[in-house]
There are 2 protein chains.
Amino acid sequence: MQDLHTAQTAQDDIERSIVAGILSARIKPGTRLSENQLATVFGVSRTRVREAMMRLETRAIVHVSPRRGWFVAEPSAGEAMTVYAARRVIESGLLRSMSELTDAGREKLHAHLAEEKEAIAAGDKQRLTCLMGDFHIRLAELSGNGVLIDILRDLTARTILISLLYQSDFHAMQSHLGHCTIVAALETGDFARAAELSIAHLEEVEEGLDLTSRRDPLSDLRTSLSLPPAAAQSTEAAVPSRRNNRKRRTA
Amino acid sequence: MQDLHTAQTAQDDIERSIVAGILSARIKPGTRLSENQLATVFGVSRTRVREAMMRLETRAIVHVSPRRGWFVAEPSAGEAMTVYAARRVIESGLLRSMSELTDAGREKLHAHLAEEKEAIAAGDKQRLTCLMGDFHIRLAELSGNGVLIDILRDLTARTILISLLYQSDFHAMQSHLGHCTIVAALETGDFARAAELSIAHLEEVEEGLDLTSRRDPLSDLRTSLSLPPAAAQSTEAAVPSRRNNRKRRTA
DNA sequence: TATGTAAATCTTGCATACCAGACAGGAGAG
DNA sequence: CTCTCCTGTCTGGTATGCAAGATTTACATA
């Protein structure tokens, strides 16, 4: 919540800021989104914050626990699988439906792959999370279909939340290679193959998740205190207020 | 707006009622949705109506004209094409991704086709519009993927609005046959073929639209007065207040 | 020391009040 | 008779206020 009050907050900047924050992996799943705080930060009344939250809720990006607060979604394992399945359906359908790869499209894809490579070299994990999701938005943009782009953007946001929750180890290079093969198939004009590759890629990514074990609800606290799984320690630095120590309920 | 105040209006019944009204073709595109009227009808304050409208707006089912009012969406020709393209992508991807047709699924599809046949025999055009859209939701339900179901439900709602706007003549039997061939392909286990058929079917339906000529903005008034294209008459029954006579702006 | 209870403090939920823009209809001028 | 402008009335836009619920903390007690 620190650095998203940069813009001058026109109409629905609240909504966009939060989505942007999630897409860039700055906002973690389960983050509390206080109406009052957001209202203060964006210089509007709670009413408009509320409206933004409602809209985000219909996009399954945020959820409300009655009288408790708004929280960034924490997709369950079941939801995670559903989202990945949906993405496989849509992305493969998208690629298969393509009839040509324009020069501009090729250009953008290559530029993106270059960025990925760069981030891998730099080892910037947060940036990578963001880029790995962005790739699929780039694919959607190839179609030029605004409806599909919107849908995939939301699914990507949810995917990022899922990654942050369940991704034990981050096979960045593996994902990157997957993207490369998809682009390669597109360049040869073999869209059916690109579709198949995208399915395989998404399955691969999904398999990289640890959907069996529910995440430790206290893990963020533990990491804040910088201790691996147990034992106690004193200094807390990353916890600004006592409020963050709250146990979160998944219900 | 007459018969959607049946339910006892729990939390988001406003939203559901409107969507249901659209899915059943009772609510026409461009219908004005007054905050005050809805608030009265549902026995709540404008605040909650407003929230429902916001949610519907993010689903592209409703749109607001600043300081003028909320209206059921009237998709442009461009949007219409985009929506159909998106549906082709998603539905074909969905069918292609299937690995089996369960008995329960087969059962439901057949039941639906029977309903279609029945409605055709009865010549119930409104019911047909509803059923033609529902078929595709049934297909989505085969996947059991809640995310896809939601997406396709919204797209179907938009499709119905499009149909009401642009469908010059209603080739119900043609659509029905299309549905039958898709089901037949599914029954043989040839999901790739079903996918291709769904694309063809949707293209066929889209071609049945008249997307070139913008709909006459006065046509709803004319039909309300039950006169084909011109000349005047006196009694108006379906127009409760002068407000409804307003010319609507597409912007 | 551990535990149960109660009060305090936060949170959202909802309604209301007020503001400003847009349209319609009528009055007046040409 | 026609055109223009003005005003009344409706619309949504926004903020605020109050109420209800949940959680936490403090405190008393075993």
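Below, chain A is the first sequence line, B the second, and so on; all start at residue 1.
Put simply, CG on L33(A) is 17 Å from C1' on dC10(C), counting in whole angstrom units. Rounded to whole Å, the distance from CD on Q37(B) to P on dT11(D) is 7 Å. If you measure from atom CD of E35(B) to atom C1' of dC14(C), you get 15 Å, rounded to the nearest angstrom. In this structure, CD of E51(A) is placed 15 Å from P of dT12(C), rounded to the nearest angstrom.
The closest donor-acceptor contact from the side chain of S175(A) to the backbone of A172(A) lies at 3.5 Å or more, if one exists at all. Looking at S34(A), its side chain does come within 3.5 Å of a backbone N or O of Q37(A) through a donor-acceptor pair.
The ring pair (Phe, Tyr, Trp, His ring centres under 6.0 Å) contacts involving residues 132-155 of chain B comprise H112(B)-F135(B), F135(B)-H179(B), H136(B)-H179(B), H136(B)-H201(B), where partners must be two or more places apart or lie in separate chains.
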Applying salt bridge (charged side-chain N to carboxylate O under 4.0 Å, His left out) to R138(B) and E141(B), what does each step give before you reach the verdict? CA-CA 5 Å; R138(B) 293 289 100 73; E141(B) 286 169 350; 2.9 Å; yes

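Not counting sequence neighbours, Y84(B) has no partner by the ring-ring contact (aromatic ring centres under 6.0 Å, His included) test. Every residue two or more places apart in sequence or in another chain that forms a side-chain contact (heavy atoms from CB on, under 4.5 Å) with S97(A) is listed here: V89(B).
Neither OP1 nor OP2 of dC10(D) sits under 4.0 Å from any side-chain N or O of N36(B). A close approach under 4.0 Å does occur between a side-chain nitrogen or oxygen of R68(B) and OP1 or OP2 of dC23(C).
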Between protein and nucleic acid, restricted to nucleotides 15-18 of chain D and to nitrogen or oxygen atoms under 3.5 Å apart, what atom pairs and distances do you find?
unit_1: dA15(D); atom_1: OP2; unit_2: S45(A); atom_2: N; d: 3.2
unit_1: dA15(D); atom_1: OP2; unit_2: S45(A); atom_2: OG; d: 2.9
unit_1: dA15(D); atom_1: N7; unit_2: T47(A); atom_2: OG1; d: 2.7
unit_1: dT16(D); atom_1: O4; unit_2: T47(A); atom_2: OG1; d: 3.4

Show each protein N/O and nucleotides 19-21 of chain D N/O combination with a separation under 3.5 Å, one pair to a line.
unit_1: dA20(D); atom_1: N3; unit_2: R67(A); atom_2: NH1; d: 3.2

Side-chain donor/acceptor pairs under 3.5 Å, residues 126-134 of chain B, sequence neighbours excluded:
unit_1: R127(B); atom_1: NH2; unit_2: E115(B); atom_2: OE1; d: 2.9
unit_1: T129(B); atom_1: OG1; unit_2: K125(B); atom_2: O; d: 3.1

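Counting heavy atoms from C-beta outward, L139(B) and L152(B) have side chains that stay 4.5 Å or more apart.
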